[in-house]
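What you see is a predicted model; the values in this text were computed from it and never measured. Heavy atoms only: backbone and side chains are in, while hydrogens, waters and symmetry mates are out. Counting from 1, the numbers follow the sequence of the chain as shown.
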Amino acid sequence: MGQFARGYPTYDDWAKVERAESRYAQRIHLKHHLCPDQTRKELVHVRYADHTLTRTRWEDLTPQQKCIRSLAVNALRQLRAGAEFQSAISAVGLTESEVLTHLAPYYLCWDQKQQTLRCAPADTIEVEMSFFVRDTGIRSIVTAKSQDRSLIGRYMAAVSNALEARNQSALAEFVGKRVLDAHGVAHYFETDLEKLYLYHEMQEEPEFFEIYHTEE
């Protein structure tokens with residue numbers, strides 16, 4: 001690659017003088033992280049849709065892409081909890097490029113002042129989650145809102161606590177509550193403790209609840 005832009009041999013040289021708060025600069029910064037080998041002129045013509053899967057429906061992803069998206073969403077949760085970007089992606093074992101592929105440009109943007117990528121407070125990314133559905137048992141659904149993912153996480157943590165302490169009141173918050181899947185179908189939380197004991201015994205992996213202990 002030649003010089004990044006006229007008068008600026010590298011991206012870093014350009015970034016030091018470009019007005020960071022301009023929308024144009026924000027786009028170039030983010031596109032550079034998606035396509036680090038391209039010049040400023042080339043980045044202007046980069047289409048996010050050609051380099052990201054952020055708007056791709058869950059059902060249209062490959063198994064590997066689904067795995068990466070789930071991890072990217074986990075990293076996004078950690079960012080919202082206050083983790084630094086590099087720490088969050090390292091914790092889930094993804095590269096910057098993999099995370100950007102599933103979160104840019106709508107839920108990650110470049111913060112020139114802090115010299116890092118920062119996240120949006122909410123999202124509508126499709127990702128699969130499992131929980132106990134009323135009168136059904138454990139079920140996996142494709143969620144489409146970060147608020148629903150957070151609610152499912154809190155519910156599953158409450159189920160774990162309720163089962164361990166034999167405490168029905170731990171589930172009181174979720175009585176009558178539901179989440180909508182990506183197709184708009186409602187799924188209600190199971191809050192009957194006896195049914196939950198039965199469903200829990202049917203689980204093949206006792207570690208099932210562990211992933212929810214740190215959910216918000």
Side-chain angles (χ1 to χ4, degrees), residues 1-58 60-62 64-128 142-150 153 182 214-216:
M1 182 182 76
Q3 64 178 5
F4 180 75
R6 180 179 299 178
Y8 303 103
T10 69
Y11 162 79
D12 289 335
D13 295 326
W14 175 85
K16 290 175 184 177
V17 299
E18 179 63 29
R19 193 163 60 92
E21 64 270 20
S22 73
R23 302 184 80 177
Y24 166 78
Q26 290 286 342
R27 289 194 296 269
I28 295 299
H29 285 304
L30 186 56
K31 288 179 179 181
H32 169 73
H33 283 267
L34 277 169
C35 309
D37 296 328
Q38 296 196 22
T39 66
R40 182 204 59 79
K41 185 175 181 179
E42 291 170 335
L43 291 175
V44 169
H45 301 288
V46 165
R47 296 174 66 249
Y48 288 119
D50 295 334
H51 297 273
T52 68
L53 295 169
T54 311
R55 292 299 197 194
T56 303
R57 298 187 68 100
W58 179 263
D60 295 327
L61 297 174
T62 68
Q64 182 180 14
Q65 289 169 342
K66 288 178 179 179
C67 179
I68 293 174
R69 175 175 289 184
S70 295
L71 293 172
V73 166
N74 191 357
L76 188 58
R77 180 181 60 80
Q78 295 185 44
L79 289 171
R80 289 178 179 142
E84 295 183 352
F85 180 75
Q86 289 300 328
S87 175
I89 67 174
S90 294
V92 299
L94 295 182
T95 65
E96 179 180 285
S97 176
E98 289 172 326
V99 171
L100 286 170
T101 296
H102 287 273
L103 302 182
Y106 309 104
Y107 310 117
L108 281 178
C109 65
W110 179 250
D111 187 327
Q112 179 66 8
K113 184 177 180 180
Q114 299 297 325
Q115 289 290 295
T116 190
L117 288 155
R118 57 184 175 85
C119 67
D123 66 74
T124 55
I125 302 170
E126 290 192 5
V127 65
E128 189 174 76
V142 177
T143 60
K145 290 183 179 180
S146 53
Q147 296 92 332
D148 285 341
R149 296 198 306 269
S150 180
T214 57
E215 289 286 350
E216 299 175 341

Chemist: Which residues pass the side chain to side chain donor-acceptor pair (under 3.5 Å) test with Ser87, sequence neighbours left out?
Modeler: none
Chemist: How many angstroms lie between CD in Gln65 and NE2 in His102, if you round to the nearest 0.5 Å?
Modeler: 6.0 Å
Chemist: Assess whether a salt bridge exists between Asp60 and Arg57, defined as any Lys/Arg side-chain N lying under 4.0 Å from an Asp/Glu carboxylate O.
Modeler: no
Chemist: Quick check: are there more than 12 heavy atoms from other residues, nucleotides or ligands sitting under 6.0 Å from CD of Gln147?
Modeler: yes
Chemist: How long is the span from the OH atom in Tyr11 to the NE2 atom in His29, to the nearest 0.5 Å?
Modeler: 4.5 Å
Chemist: To the nearest 0.5 Å, what is the distance between OG (Ser150) and CZ (Arg77)?
Modeler: 9.0 Å
Chemist: Rounded to the nearest 0.5 Å, what separates atom CG in Leu34 from atom CD in Glu96?
Modeler: 8.5 Å
Chemist: Scan Thr62, Leu94, Val92, Leu53 and name whichever one has a side chain to side chain contact (heavy atoms under 4.5 Å, CB included) with Ile68.
Modeler: Leu94
Chemist: Rounded to the nearest 0.5 Å, how far does CD1 of Ile125 lie from CZ of Arg55?
Modeler: 9.0 Å
Chemist: Can you list the residues that meet the side chain to side chain donor-acceptor pair (under 3.5 Å) rule with Asp123, with sequence neighbours excluded?
Modeler: Arg80, Arg149
Chemist: In Å, rounded to the nearest 0.5 Å, how long is the span from CG of Leu103 to CD1 of Ile89?
Modeler: 10.5 Å
Chemist: Holding to ring pair (Phe, Tyr, Trp, His ring centres under 6.0 Å), I want the full list of residues that pass it with His33, two or more places apart in sequence or in another chain.
Modeler: Trp110
Chemist: Take Thr54 and Tyr107, measure what side chain to side chain contact (heavy atoms under 4.5 Å, CB included) needs, and give me the verdict at the end.
Modeler: CA-CA 9 Å; Thr54 311; Tyr107 310 117; 3.7 Å; yes
Chemist: What pairs with Arg118 under salt bridge (charged side-chain N to carboxylate O under 4.0 Å, His left out), at least two apart in sequence or on another chain?
Modeler: Asp111
Chemist: Test of understanding: with side-chain contact (heavy atoms from CB on, under 4.5 Å), list the residues that count as partners of Leu30, not counting sequence neighbours.
Modeler: Tyr48, Leu100, Ala104, Pro105, Leu117
Chemist: Checking side chain to side chain contact (heavy atoms under 4.5 Å, CB included) against Glu42, which of Arg40, Gln38, His45 comes through?
Modeler: Gln38
Chemist: Run the side-chain contact (heavy atoms from CB on, under 4.5 Å) test against Ser97 and tell me which residues pass, sequence neighbours left out.
Modeler: Thr95, Thr101
Chemist: Between Phe85 and Thr116, what is the shortest heavy-atom contact and its length?
Modeler: CB-OG1, 3.5 Å
Chemist: Please say whether more than 12 non-hydrogen atoms of neighbouring residues, nucleotides or ligands are located less than 6.0 Å from NZ in Lys66.
Modeler: yes
